[in-house]
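Computed over heavy atoms, backbone and side chain alike; hydrogens, waters and symmetry mates excluded.
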Amino acid sequence: MRHAALIAGAAAAALVAAGAITYAVAEDGGSSAAPAAGSADAGFARDMAVHHQQAVEMSYIVRDRTKDEEVRRLAYDIAQTQANQRGMLLGWLDLWGLPKVSSEPPMSWMGMGDMASGKDGALMPGMATNSELKKLQTLSGRQAEVFYLQLMTDHHKGGIHMAEGCVDKCSVGVEKRLAQGMVDAQESEIALMADMLKERGARPRS
């Protein structure tokens with residue numbers, strides 16, 4: 001289908017570029033001292049890795065809950081792209097010799113540490129709660145498709161806000177460019193998912 005082809009193309013481009021970005025960060029970061037543990041660069045890498053992991057989890061859940069090829073292909077592409085980006089973010093932390101966890105609340109590097117309540121497992125804005133993940137696992141067919149698209153739309157909105165924060169605050173050039181790429185790709189996917197929801201007689205939750 002046209003929708004899935006658009007997403008597949010975008011995901012493929014992101015994966016092809018990933019190797020170059022991973023290699024480039026060593027040179028970019030090597031031009032000066034590595035970012036500090038409390039920097040925006042490190043905070044974004046840690047938090048977005050956690051955020052991405054949930055998107056991967058939700059995407060694999062829905063692939064098992066529907067036979068709709070368009071939704072399954074979208075879910076697979078999101079899972080592959082975000083798993084790859086997550087590996088890059090964690091790899092950069094290793095490269096910089098920084099811990100993958102912090103004692104500070106999520107999004108503290110954005111000055112928003114007080115906004116991440118962690119209520120029912122939702123550690124950052126846009127993240128699904130544990131109850132919502134359990135509900136997704138109980139649905140099937142059209143219901144699973146709609147709920148996944150709604151959850152992922154919210155998830156992308158939260159991810160875009162965080163990525164925009166890195167574009168503004170991060171100092172490592174390739175990380176800023178990756179963050180901007182996330183903004184562009186996820187804005188496009190939000191528009192696509194709105195169309196897919198409409199085709200299924202539904203709409204985004206907010």
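Side-chain contact between V172 and W96 is present, with at least one heavy-atom pair separated by less than 4.5 Å. You'll find the side chain of Q80 stays beyond 4.5 Å of the side chain of N84, heavy atoms only. By the 4.5 Å heavy-atom criterion applied to side chains, M193 and P204 are not counted as neighbours. Contact of the I78 side chain with the M58 side chain is not registered, since no non-hydrogen atoms from C-beta on lie closer than 4.5 Å. With a 4.5 Å cut-off on side-chain heavy atoms, V174 and R177 count as touching. Q82 has its side chain within reach of Q186: a pair of non-hydrogen atoms, C-beta onward, lies under 4.5 Å apart. Side-chain contact between P125 and M107 is present, with at least one heavy-atom pair separated by less than 4.5 Å. At least one side-chain heavy atom of V71 sits under 4.5 Å from a side-chain heavy atom of R200.
Residue pairs meeting the salt bridge (charged side-chain N to carboxylate O under 4.0 Å, His left out) criterion with at least one member in residues 125-141, sequence neighbours excluded, are E132-R205. Within the structure, ring-ring contact (aromatic ring centres under 6.0 Å, His included) pairs that include any residue of residues 138-192 comprise H51-H155 (at least two apart or interchain). Residue pairs satisfying the salt bridge (charged side-chain N to carboxylate O under 4.0 Å, His left out) criterion with at least one member in residues 40-55, sequence neighbours excluded, are absent. Each salt bridge (charged side-chain N to carboxylate O under 4.0 Å, His left out) pair with one or both residues in residues 86-106, not counting sequence neighbours, appears once here: D94-K100.
Formation of a donor-acceptor pair under 3.5 Å by the T66 side chain with backbone atoms of V62 is not found in this model. Proximity of a side-chain donor or acceptor of D120 to a complementary backbone N or O of S131 within less than 3.5 Å is detected. A side-chain donor-acceptor contact under 3.5 Å links R65 to the backbone of L139.
With sequence neighbours excluded, the residues forming a side chain to side chain contact (heavy atoms under 4.5 Å, CB included) with R63 are Y60, R72, A75, Y76, listed by chain and number. The side-chain hydrogen bond (donor to acceptor under 3.5 Å, both in side chains) search around S108 returns none, not counting sequence neighbours.
Using modelled atom types, one finds a donor on one side chain and an acceptor on the other under 3.5 Å when comparing Q180 with D184.
The heavy-atom pair separating L133 from I61 by the smallest distance is O-CD1, 4.4 Å. The heavy-atom pair separating A128 from Q54 by the smallest distance is N-OE1, 2.8 Å. Closest non-hydrogen pair, V56 versus A83, comes out as CG2-N, 3.7 Å.
Residues W109 and V50 share a single hydrophobic cluster, defined by chaining ILVMFWY side chains whose heavy atoms lie under 4.5 Å apart.
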